Amino acid sequence: MPESDDLFVREDPIFTNKELLEISHLPDEGRIVGRDEEISHLANAVNPAIFGQSPSNVLIYGKTGTGKSLCAKYISRRLVETAEEEDINAVFAYVDCAQDTTETQAVQTIASSVNTEETDIYIPDKGISTATYYKRLWRLLNEEYDVALIILDEIDKLEDDAILMQLSRAGEAGKVTDCKIGVMGISNKIKYKDRMDERVKSSLCEREFVFPPYNASQLNKIMTARSDAFRKGVLQDAVIPRAAALAAREHGDARKAIDILRYAGEIAQTRGTETVREEFVVQARERAEIDRFRELIRGSTPHSRYVLQALTVLSLDQQREDGGVENSGFRTTRIYDVYEQICRQEGTDALSLRRVRDLLKEHAFLDILEQTRHSGGSAEGSYTEHTLLEDPEVVKNVLEDTVE
DNA sequence: AGTCCACTGGAACGAGGGGATT
DNA sequence: AATCCCCTCGTTCCAGTGGACT
């Protein structure tokens, strides 16, 4: 047995508490930086709930990584605690609408997260009608709670307004009599409100808040607050300011900033260096970018990838021809032709043009590509052009090594 | 003011799959 | 076992759409 058997590291030389750098990690009070005003406004809006009265319905806007979900969850948790002290039985449910896009899935999530073991109500994962989920949810609320706060994150990903309608009408329609319901909608698209049904809009948007992006110094504080994820003295002084500056330039996304910090640490780990160096930050950002993209297309069907591949091939060709000067999009039909070729190579039948249009739209929804309508005028018809938003090389690499 | 055209996107439909209820 | 219910993925059909050009 050799003395320095370094196959496994017994003690992590870089991290002490890596959990602090997970996105899902909910910091304690005092660790939420630069959102004091937002938090107090939010608290104010839901305050009546503490006395068992109806909280205001709120809509929160803001780009990704501006602390919307974080603050909403934090407020809800505190609300439930405070209400308890007043002998009010409050509860909150968190729905990630990107995950639960249909009405049924969303009600199911609400009902099952509000449910406890003590009740005799059973909420199955699937198999029952939407109406049944509602019935059970109403019963749960009536029997168990005085106030319920429902957080709908990424509310713009919801297919329709049906659930909003139901939630806002539940009281009026006499479905829920013994429980007050408050809805907290979170969206990163300002224009979301325009697509909403007029009736839903008026009841749901009693209060609106906009979360601005973090600036470099706030990002700096956010990362500093979590820097005890690292062993003492491991982080070089310039790392956090550098990462903050980088992330601030890219829309002030705190999630990205923290990702960069984590990756920088991981780079130090794999390299076996004693400290996290400033130059790791740039590489970390690149890695974060690739990972984010991989996450986006993970789970997409083969044809969805072929379509993306077709666009990538076209983009790369164009770059090669003019050195990346031109950055115009490609017509759907043009992409479809390349897509058909790819299908032939892969030995599968191509999907219909109609279906491919939808697949492209899905990618546009994930901000992988951008669609713009054009009209060629007389005898040219109108058409859509698609432009890849990611670096084609990155896309190509990710597509190639996720063949599995 | 109307024409023209390639493309768009809504609608209706159905196969196949998973699960609950009675 | 029969009957409901919902979801995903895909199809075909077809009434618009937009704007340069007559």
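Computed from a predicted structure; not experimentally measured. In the text below, chain A, chain B and the rest are named by the order of the sequence lines, each starting its count at 1.
Dashed line: the shortest gap from a side-chain N or O of A:Ser352 to OP1 or OP2 of C:dT11 is under 4.0 Å. At B:dC5, none of the side-chain N or O atoms of A:Ser382 fall inside 4.0 Å of OP1 or OP2 (strictly under the cut-off). For C:dC7, the OP1/OP2 oxygens have a side-chain nitrogen or oxygen of A:Thr104 closer than 4.0 Å. Residue A:Thr332 places at least one side-chain N or O under 4.0 Å from the OP1 or OP2 atom of B:dT8. Within the structure, every side-chain polar atom (N or O) of A:Arg354 is placed at least 4.0 Å from both OP1 and OP2 of C:dC14. The phosphate of C:dT22 (OP1 or OP2) has no side-chain N or O of A:Ser378 nearer than 4.0 angstrom.
Proximity note for A:Thr102 (side chain, C-beta onward) versus C:dC7, B:dT21, C:dG10: the nearest is C:dC7. Closest to the side chain of A:Ala379, from the set B:dC5, B:dT8, C:dT8, is B:dC5. Looking at the side chain of A:Arg355, the nearest of the listed nucleotides C:dT11, B:dT21, C:dC6 is C:dT11. Among C:dG18, C:dC6, C:dT11, the nucleotide with an atom closest to any side-chain atom of A:Thr130 is C:dC6. Each of B:dT8, C:dG10, C:dC7 was ranked by its minimum atom distance to the side chain of A:Thr384; first place goes to B:dT8. For A:Thr301, whose side chain is taken as the heavy atoms from C-beta onward, the closest listed nucleotide among C:dT17, B:dG18, C:dC9 is C:dC9.
Atom CG in A:Leu360 sits roughly 14 Å away from atom P in B:dC7 (whole-Å rounding). The nearest whole Å value for the distance from the CG atom in A:Leu353 to the P atom in C:dC9 is 19 Å. Straight-line distance from the CZ atom of A:Arg357 to the P atom of C:dC13: 14 Å, rounded to whole Å. As a whole-Å value, the separation of A:Lys361 NZ from C:dG10 C1' is 17 Å. Residue A:Glu159 contributes atom CD, which lies 13 Å from atom P of C:dC6 at whole-angstrom precision. Residue A:Glu362 contributes atom CD, which lies 14 Å from atom C1' of C:dC7 at whole-angstrom precision. Distance CG (A:Leu351) to C1' (C:dC9): 9 Å, rounded to an integer number of Å. The interatomic distance linking A:Asp358 (CG) with C:dC9 (P) rounds to 11 Å, in whole Å.
In this model, a donor atom of one side chain and an acceptor atom of the other lie less than 3.5 Å apart for A:Thr104 and A:Thr130.
Between atom CD1 of residue A:Ile267 and atom CZ of residue A:Arg262 there is a gap of 11.5 Å, rounded to the nearest 0.5 Å. For the atom pair A:Gln283 CD and A:Arg277 CZ, the distance stands at 10.5 Å (nearest 0.5 Å).
Residue A:Lys180 places its NZ atom among 12 or fewer non-hydrogen atoms of other residues, nucleotides or ligands, all under 6.0 Å distant.
Among the protein residues, A:Arg331 comes within range of the sugar-phosphate backbone only, with heavy atoms under 4.0 Å from sugar or phosphate atoms but none that close to a base. Using a 4.0 Å heavy-atom criterion, one finds that A:Tyr122 contacts the sugar-phosphate atoms exclusively. As judged by a 4.0 angstrom heavy-atom cut-off over every strand, A:Thr132 is placed among residues making no nucleic acid contact.
DNA chain B is contacted by both A:Glu385 and A:Gly377; A:Gly377 maps to the nucleotide lying nearer its 5′ end (nearest heavy atom per residue).
Salt bridge status for A:Asp358 with A:Arg354: present, with a side-chain N to carboxylate O gap under 4.0 Å.
In this structure, the side chains of A:Arg355 and A:His303 stay at 4.5 Å or more apart for every pair of heavy atoms.
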